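One structure below.
Computed over heavy atoms, backbone and side chain alike; hydrogens, waters and symmetry mates excluded. So you know, we letter chains A, B, ... as the sequences are listed, proteins then strands, and number each from 1. Just so it is clear, the structure is predicted and the values come from calculations on it, not from any experiment.
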Amino acid sequence: MQSQSRLPANPSRTGAKGFGSLIKWREKMIVCVAVVGHQNNPLYVQSFTDADDALKLHHIVHCSLDVVDERVNNPKKSGPTLNETFLGMLYPTENYKVYGYLTNTKVKFVLVTTDLDVRDADVRNFFRRFHAAYVDAVSNPFHVPGKKITSKTFAERVSNIVKSFGLSSAG
Amino acid sequence: MEEYPEELRTPPVALTALVGCPELHAPITAHLHAEQPPINALALPDFSKISLFARVTKESPAPGRSINGILKRDWLSKHRTKIPAVVAALFSSDHVSGDPAQWLQVCTDLENLKGVIKGRNIRLVVVVVTQTSSKDDISSEDRMTSLRKRAEIDSKYIIVFTPNDPLELKQSLNRLRNTLAELANTYYRDEGRQIKARLEKKNLSSVELQIRYSFKVAVFAEFRRDWAEALRLYEEAYHVLREMVGTSTRLPPIQRLVEIKTVAEQLHFKISTLLLHGGKIAEAIMWFHRHIDTYWSLVGEPDVSFLHWEWLSRQYLVFAELLESSSAAVQNVSSAALSTSDKLTEFEFSSAYYYQSAAQYLKEKSSCLELALSISVNSRELDENEESAIPAAYVGQFVKLLERGESLTTQPLTDEEFVHHSLAEGKRFQDSFEIIALFKKSFEMYSNNKTLRMASYCGLQMGKEYFTLNEFNEAKQIFENVTNLYRKEGWVTLLWEVLGYLRECSRRIGSMKDFVEHSLEMAALPVSANASDNAFKDSGPAGPPSLPQRQMIHKEVFGVVRGEVGFSSNEDKDELRVTDGHPLYLEIDLVSPLRIVLLASVAFHEQVVKPGVSTMVTLSLLTQLPLNVEIDQLEIQFNQSECNFIIVNGQRPQLAAISNVQPGRRVETAPSLEIITNKWLRLTYEIKSEQSGKLECIYVIARIGPHFTICCRAESPASMNDLPLWKFEDRVEAIPIKDPGLAFSGQKAIQVEEPDPQVDLILGSSGPALVGENFIVPVTITSKGHSVHSGELKINLVDTRGGGLLSPREVEPFSADNLHVELVAISGQDSQDQSDASSEGIKKIQPSFGLISVPILNEGESWSCKLEIKWNRPKPVMLYVSLGYTPHISEATSQKVHVHKSLQIEGKSAVTISHSYMLPFRWDPLLPSMAKATKDPDPSPILPLKETSILIVHAKNSTEVPLRLLSMSLETEKDGACTVRQKDEELKEPALIVPGEEFKKIFHVIPEVNLPKLSVGTVLLRCKRDWGHGEQQSGSSCCKATEVLTKQRLPDVSVESPPVIITLVCPPHAILGNPFTYSIKIMNKTHLLQEIKYSLADSQSFVLSGPHNDTISVLPKSEQVLSFKLVPLVSGVQHLPRVTVNSVRYSAVFHPSIAASTIFIFPSRPDFKITDRAESRVESVVVE
């Protein structure tokens, strides 16, 4: 493909505002993060939108598990290493991108973002911090493994990580 | 994709035309079409039709004039179907070489044709059709030349076509085809080049022209099958078009955008087709994404936003179809492409993803259209003036068609009119079925790929669409499929949504049971309390998943099941109610999703109980419903129905009287039967069973209200699964029973034991059994409180090692001979009993199993029988004897009581037999093979032929009981190969052998035949147990010792005829100082002269006379004696001088054994008292 075919992205958004639920300002932000357990059961799903699309985000996270399964079952031969936890982009949907991460204990992290030009490095960084937060949360002696994560500290920490997403590389 | 015109969808095929000689057109067109690449041909029967190709005169666009559109609608189809690249003019050779009139006609036609095609640069081929292949016609040669000149073509474009001969025809066709292909290629190249030149001048008046020219060049390149060039120009056109978006002002804004999008769609379609055709799937997908990204946000005016979504949906649909058809062709491309491009994900290679998106955007279009229609004021007028717009001459434009009297004229539309027209068009179509079809397609593809979650999502969308269409039955079916996955994986919010739809569907259909089930499940779902209502607004009819909503549903459904509230479906006004006529019955089993609504755990406090003794049973109920539930009545059902009982709610006495209480049933009253959310309701009652066996709680049936029943399968706390969905919640988990031990081990079943037997079963054992004897085990049954009725005695012999029944090795066929141990007989106490038993009919004996009926025994009586068991091989065996009886004759149904006894019995061989061979004293045959094989550690014995050898047979008592040996004999083979001399077989009196003792008997064996393997015979040994003197009499009556015959075949021996026999002759003893003769007899048994070397060593004990060493020859069949005179010098046991005899022929050396060369020297003549006792003694002796 020629490089020039990448068209300048300057859609006339003025006309697009407010019409149809699909059209929203494509803000560069994380709209949903999720922790999914061994039986593909949700352990923690949190959306970060003001809109009423939480259910839709749940659907997106759920569907993305299909890709995780496929990646895990048919690992790419040219894949970097066996222990790579970052699964990369799972699939693009209408106006979201979904990224996945698989811990060594086979717990899945899913990230849904509206930033269509997000950089892999940012996502990796996000997952790394998120993983650390998760590990701290489940290391709590009062947490029962396999149950939903209800810790408020965890929620706060995740919220901070989400807010700071992409800031380091802004510009 | 179907809505695109044919010429756009299919790759361009070069077009040619045939004129004249219509009879040949059919084979030519068929041939052109069949070859690769195909060529289409227009067949014009005669030259008058050629004006079709004529260029319509039109003024070329003046530089200043504005361009009306981007692409002309009919341009492509014109080149595909109307304007040929090459015209083949077919003339008959008769006409060419015929009379001047015909020739003139040919020339005129050619001129006309030339005139027409010149304007379009169409190439010309002249085909002369001859009937014969011979070219003898000279005049035609001239005519041909002039024809060529008139046609102004190269001579290679004049083709002679010979249709008559098949071979010639084929050649002619190929020639024509190649020429046509070549010329068509030139034509398209030149046309393309010409337009390209215009394009490259860069002074084009408008971008529209730039796009149009690029498109045309690309199409011509496609005609030439130059895909790369075509792709490049399509892309260029596409990019130029994109730049038009902000700049063009030619049309009113809405239509402007519509036109651009329509053209972009066409260009993109071409690009995708080319990329996919070239196998560049990843590139095609990336191109598609860019295409979508570019236009995604170009929604346009809000009034017609639905047009945008429709357009977008079409992009996805078309791409999905392209991808599907191309990936069907190349199956494994996706995996290959996957590895190359990391940017793309798995889904993007599956067309299902695009179908799904197409459906999604179509749905969006549908909703936008609805909105637009509702806003539009004059929606009614929409239907009235439909004539208004038709597609214009340019792609993506519409014009108004006006009738002005006879003539029709067109007029550009204003945007208002266009919107009006679009709305009217949009109204005519029902999108829902299209949406469902797309989702269904995607659903099926995902399902086939085992991409279940995506499939579920598509299914859900499909169900929702059916729901909006009020097709509740279809919707319900689809939703029900979807719920399974969400339940399994615990996605509660998603499940909530689906259940909400299902509940609504059930309500609309009027299915009360489903409505109640779904409502109950929803009410019991663990939806997170912290989810803000706002975020889940679009959760369908269920409302947001929240605790208040659950409580609302709970209240509603319990109103319905108690019959207090009616249940009305919207469709008919009749209210359904839970009443007498319509009771409601729900069943909850171990896998039901309703386990979260009511979970019943039942545990007995003990594992075993005696019949008639009461034990405790605890019933625990748990619910996750958000509000407390009051149960009116509980019924506990067991597999023994007489144990069933009912618990009524003490607080609702009026309801406690409700039905279903069978007379005589146990009824308990509980102070309260209210179940609190996530809190076990525990009820403990006594229970007593009279019947032995298993007592298991099966159902716990809860009745709420007069007509509502929940039948809940009882579960054991020990093996209870976690609650589905709730197991992931962070909640307080209590154990069903207060006692934690019971909570982890309690079972819903209890074993009710048999009553204790009051009968003794005694197995009399008497030591180990001997192999071969009929071993007798006496069995005695003594009643000690129970009388025995219909008693049965079962006997089993079981291998102690394997545990399996005693059987021969698998490979051996089943026969009694092969059994190691068998049960031979069961004898009763006396003949009367036996006749009783046989008349009652039960007496079965099999080798390892026996069944015998026991007569009726009253209290205190006893009965006995004997089991005869025979061992064929030594083996330990377990004997199991079990007695089953009923204590009371009156109760036919009463329980059987069983008594079991077992006994391990060792089976042993009575004696072990071994043997050895010896030679006579001081008599040594030379056996050459023995001499050679001295190294062999275990040589098989070799006996000298026709000479006496001595066989000693040892019999050792290997049991722990004393035996009496009756006889021992050697049974020889009948062939007389071997003579055995033995004393009489029968012993004069049976020899007593105590355990560990050995009995020996000597036999003389003379092999008569020289065989390599000589069978000596079989040892027969008869013996019996020695019961001692005290038991002799009783033994004869009860335990008559049977004789045991043991047979053992002796191993074969080798026989060899000795060539030389050496005998040492020497007196048995000597006296000090008295000389005696020591002679060595060497006997040559062969027919040959034997050279013998011998030597005699000196000895200090003797004075020796005779030769020390020498070599002598022994004549055939004769004997040589070497004699020495010896005088003993020392008394006592002395060794004779050592003799060495060496047979040179056999190179064998003989040394006499120590025993053979030992002699006792008396100091003086002893005084012997000779008696003759030795003569009378039996040769067999018993030694310690």
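In this structure, the separation between NE2 on A:His58 and OG1 on B:Thr493 is 4.5 Å, given to the nearest 0.5 Å. In this structure, SG on A:Cys63 lies 11.5 Å from OH on B:Tyr353, to the nearest 0.5 angstrom.
Ranked by non-hydrogen atom pairs under 4.5 Å with chain B, the options A:Ile149, A:Val144, A:Leu65, A:Val45 are led by A:Leu65. Across B:Leu371, B:Thr451, B:Leu460, the residue that shares the most heavy-atom pairs under 4.5 angstrom with chain A is B:Thr451. Your options are A:Gln39, A:His143, A:His62, and the one with the most heavy-atom pairs under 4.5 Å with chain B is A:His62. Among B:Asn449, B:Leu452, B:Ile292, the residue making the largest number of heavy-atom pairs under 4.5 Å with chain A is B:Leu452.
Residues forming a side chain to side chain donor-acceptor pair (under 3.5 Å) with A:Ser159 (at least two apart in sequence, or on another chain): none. For B:Phe306, there are no ring-ring contact (aromatic ring centres under 6.0 Å, His included) partners, not counting sequence neighbours. Qualifying side chain to side chain contact (heavy atoms under 4.5 Å, CB included) partners for B:Ala237, counting only residues two or more places apart in sequence or in other chains: B:Ile211, B:Ser214, B:Leu267.
Between A:Asp66 and B:Met454, the shortest heavy-atom contact is OD2-N, 2.6 Å. The heavy-atom pair separating B:Gly490 from A:Pro42 by the smallest distance is O-CD, 3.3 Å. Shown here for B:Trp491 and A:Asn40, the closest heavy-atom pair between the two residues is NE1-O, 2.7 Å.
Ring geometry, A:His59 versus B:Tyr457: the interplanar angle falls from 30° to 60°, so the pair is classed tilted.
A salt bridge links B:Glu729 with A:Lys148: the closest approach of a Lys/Arg side-chain nitrogen to an acidic carboxylate oxygen falls below 4.0 angstrom. In summary, A:Asp69 and B:Arg453 engage in a salt bridge, as defined by a charged side-chain N under 4.0 Å from a carboxylate O.
In this structure, chain A has a heavy atom under 4.5 Å from the side chain of B:Tyr486, while its backbone stays farther away. Interface residue B:Lys727: backbone and side-chain heavy atoms are both found under 4.5 Å from chain A.
Enclosure of atom NZ in A:Lys147 by more than 12 non-hydrogen atoms of other residues, nucleotides or ligands within 6.0 angstrom is indicated.
Of residues 127-140 of chain A, no residue lies under 4.5 Å from chain B by any heavy-atom pair.
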